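Here is the structure we will look at, set down as structure tokens.
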Amino acid sequence: MIRSRASFDLSMQTFLDFRRERRKTEIRQLQYFIAVCEELHFTKASEKIGISQPTLSLQIKALEEELGMTLFDRAGKKIKMTDAGKLLLQHSAHALKGLQQAKASIEELRTEQRGSLRIGIALPELEEPLQKMLAHFHRSFPKISLHICPSFDVTEQLLDNRVDVGITLHSGTDERLVRLPLRTENYCLIVPVNHAFSNRSSIMLDELRHVPWAMQPECHPGRKLIEKCFRDREYPFATVLETNSIASILRWVQEGLAVTLQTKSLAAELDRSHFCTVPILRGAPQGQLELIYRADRYQGEAVKRLIDKIQAVLTERSN
């Protein structure tokens with residue numbers, strides 16, 4: 001059989017690609033193997049990692065020959081992992097994760113703590129209490145740029161790799177995330193000093209069914225907790241102002257246009273000549289403040305130090 005020049009060139013190129021890839025580390029082979037496991041399709045896997053399909057097939061075949069085990073059952077275009085393939089996938093994932101963490105650690109050392117850190121904050125009112133700590137962190141790591149990323153869905157930001165760490169109220173579990181409890185946030189009523197409730201030592205939720213509220217937007221995690229408390233009791237909750245600005249909310253309260261429910265930690269900072277705080281008796285809205293980050297992400301020295309500092313500022317006895 002006489003082969004065409006084009007066919008010969010393709011075969012030779014495939015051979016040369018194979019020889020070139022064989023000179024690279026076994027880590028690259030594991031990366032190829034994982035790509036095939038994820039796609040269960042050689043052509044799609046080769047497109048994903050940017051090599052030719054024949055080269056990928058040769059790499060997998062070489063890996064199988066080295067191990068003396070078949071890693072994939074091939075039935076036409078469809079393939080599935082064998083038991084040996086499943087076992088190798090488990091160990092490969094751990095090996096590559098360890099390698100990535102080692103590379104990240106070395107890169108961090110090489111660049112002398114350069115780069116940026118992104119902090120997702122679901123409760124905008126927490127940004128101000130963190131400023132002193134962030135300034136101190138900057139003095140320790142002057143080559144790192146800090147980015148504060150306000151978002152009511154910090155979990156989504158983390159899973160999309162848009163932030164490195166997040167601060168939010170507990171909203172469920174996710175095995176992809178590490179959750180560090182900070183403190184319990186209890187909510188209390190804040191009214192102006194001349195309000196009818198200003199001299200009360202405590203108040204019940206049912207007494208607040210028809211007051212005008214100045215609050216954060218509905219998507220704010222704290223607002224969700226508060227509305228749930230009212231909704232569970234079938235109480236109305238009508239707002240006259242919704243804003244992320246705590247200063248604006250407090251201005252409306254001071255002017256007697258509305259009252260608000262905020263955390264006791266925030267209420268403790270208010271000017272007592274303008275505001276009074278009233279504890280809620282039984283059924284007060286309550287949330288667990290958490291610091292979260294991805295379980296599979298390498299945490300360098302700078303990130304670890306930032307986490308420690310955030311914990312130092314926001315971890316305290318339940319207020």
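Residue numbers start at 1 and run along the sequence shown. Hydrogens, waters and symmetry mates are skipped; everything else that's a heavy atom, side chains included, is used. In this text, all values refer to a predicted model and were calculated from it rather than measured experimentally.
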Under a 4.5 Å cut-off applied to non-hydrogen side-chain atoms, are [X] and [Y] in contact?
X      : Y      : value
Glu207 : Arg200 : yes
Leu123 : Ile167 : no
Leu270 : Ile190 : yes
Arg294 : Asn161 : yes
Thr168 : Ile292 : yes
Gln286 : Thr184 : yes
Leu250 : Ile246 : yes
Leu71  : Leu88  : yes

ring-ring contact (aromatic ring centres under 6.0 Å, His included) assessment of Phe72 paired with Phe33: CA-CA 10 Å; Phe72 298 100; Phe33 166 72; 5.6 Å; yes

Quick one: does [X]'s side chain have a donor or acceptor within less than 3.5 Å of a partner on [Y]'s backbone?
X      : Y      : answer
Asp73  : Ile79  : no
Asp160 : Arg162 : no
Ser198 : Val193 : yes
Thr315 : Ala312 : no

State whether [X] and [Y] are salt-bridged, where the test is any N-O pair (Lys NZ or Arg NE/NH1/NH2 against Asp/Glu carboxylate O) under 4.0 Å.
X      : Y      : value
Asp308 : Lys304 : no
Lys224 : Glu218 : no
Glu64  : Arg74  : yes
Lys264 : Glu185 : no

Could you tell me the separation between the [atom1] atom of [X] and the [atom2] atom of [Y], rounded to the nearest 0.5 Å?
X      : Y      : atom1 : atom2 : answer
Arg209 : Phe237 : CZ    : CZ    : 14.5 Å
Glu242 : Cys219 : CD    : SG    : 9.0 Å
Leu261 : Thr277 : CG    : OG1   : 11.5 Å
Leu306 : Gln311 : CG    : CD    : 10.0 Å
Ser171 : Gln288 : OG    : CD    : 12.0 Å
Glu47  : Ser52  : CD    : OG    : 11.5 Å

Can a donor-acceptor pair be found between the side chains of [X] and [Y] at a distance below 3.5 Å?
X      : Y      : result
Asp153 : Ser151 : no
Thr263 : Ser265 : yes
Ser140 : His138 : no
Asn244 : Gln216 : no
Ser57  : Gln53  : yes

Under a single-linkage definition using a 4.5 Å side-chain heavy-atom cutoff for Ile, Leu, Val, Met, Phe, Trp and Tyr, are [X] and [Y] assigned to the same hydrophobic cluster?
X      : Y      : answer
Met215 : Leu257 : no
Val163 : Phe141 : no
Trp252 : Trp213 : no
Leu30  : Leu67  : yes
Val303 : Ile121 : yes

Residues two or more places apart in sequence or in another chain: which of them pass ring-ring contact (aromatic ring centres under 6.0 Å, His included) with His220?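 For His220, the residues satisfying ring-ring contact (aromatic ring centres under 6.0 Å, His included) (neighbours in sequence not counted) are Phe152.
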
Should we count [atom1] of [X] as having more than 12 external heavy atoms under 6.0 Å?
X      : atom1 : answer
Glu128 : CD    : no
Met69  : CE    : no
Arg233 : CZ    : yes
Arg251 : CZ    : no

Run the side chain to side chain contact (heavy atoms under 4.5 Å, CB included) check on Val191 and Phe275 step by step: do they pass? CA-CA 6 Å; Val191 299; Phe275 303 99; over 6 Å; no

Show your working on side-chain hydrogen bond (donor to acceptor under 3.5 Å, both in side chains) between Arg179 and Thr173 and close with a plain yes or no. CA-CA 8 Å; Arg179 298 180 177 272; Thr173 58; over 6 Å; no

Can you name the nearest heavy-atom pair linking [X] to [Y], along with the distance?
X      : Y      : value
Val313 : Arg183 : O-NH1, 4.4 Å
Leu208 : Phe230 : O-CE2, 3.8 Å
Ala258 : Val240 : CB-CG2, 3.7 Å
Cys188 : Pro279 : CB-CA, 4.4 Å
Leu134 : Leu146 : O-CD1, 3.9 Å
Leu241 : Ser248 : CD2-O, 3.9 Å

Walk me through whether Tyr32 and Ile49 qualify under side chain to side chain contact (heavy atoms under 4.5 Å, CB included). CA-CA 7 Å; Tyr32 293 165; Ile49 58 182; 3.2 Å; yes

How far apart are the C-alpha atoms of Leu180 and Ile310, what are their side-chain angles, what is the distance that settles it, and do they pass the side chain to side chain contact (heavy atoms under 4.5 Å, CB included) test? CA-CA 11 Å; Leu180 304 178; Ile310 291 175; over 6 Å; no

Worked verdict on Gln59 versus Thr55 for side-chain hydrogen bond (donor to acceptor under 3.5 Å, both in side chains): CA-CA 6 Å; Gln59 288 284 354; Thr55 298; over 6 Å; no

CA sep, side-chain torsions, deciding dist, call: Gln262, Glu125, side-chain hydrogen bond (donor to acceptor under 3.5 Å, both in side chains): CA-CA 10 Å; Gln262 301 294 332; Glu125 58 269 25; over 6 Å; no

Carefully, step by step, assess Leu158 and Asp164 under the rule side chain to side chain contact (heavy atoms under 4.5 Å, CB included). CA-CA 7 Å; Leu158 274 168; Asp164 300 297; 5.9 Å; no

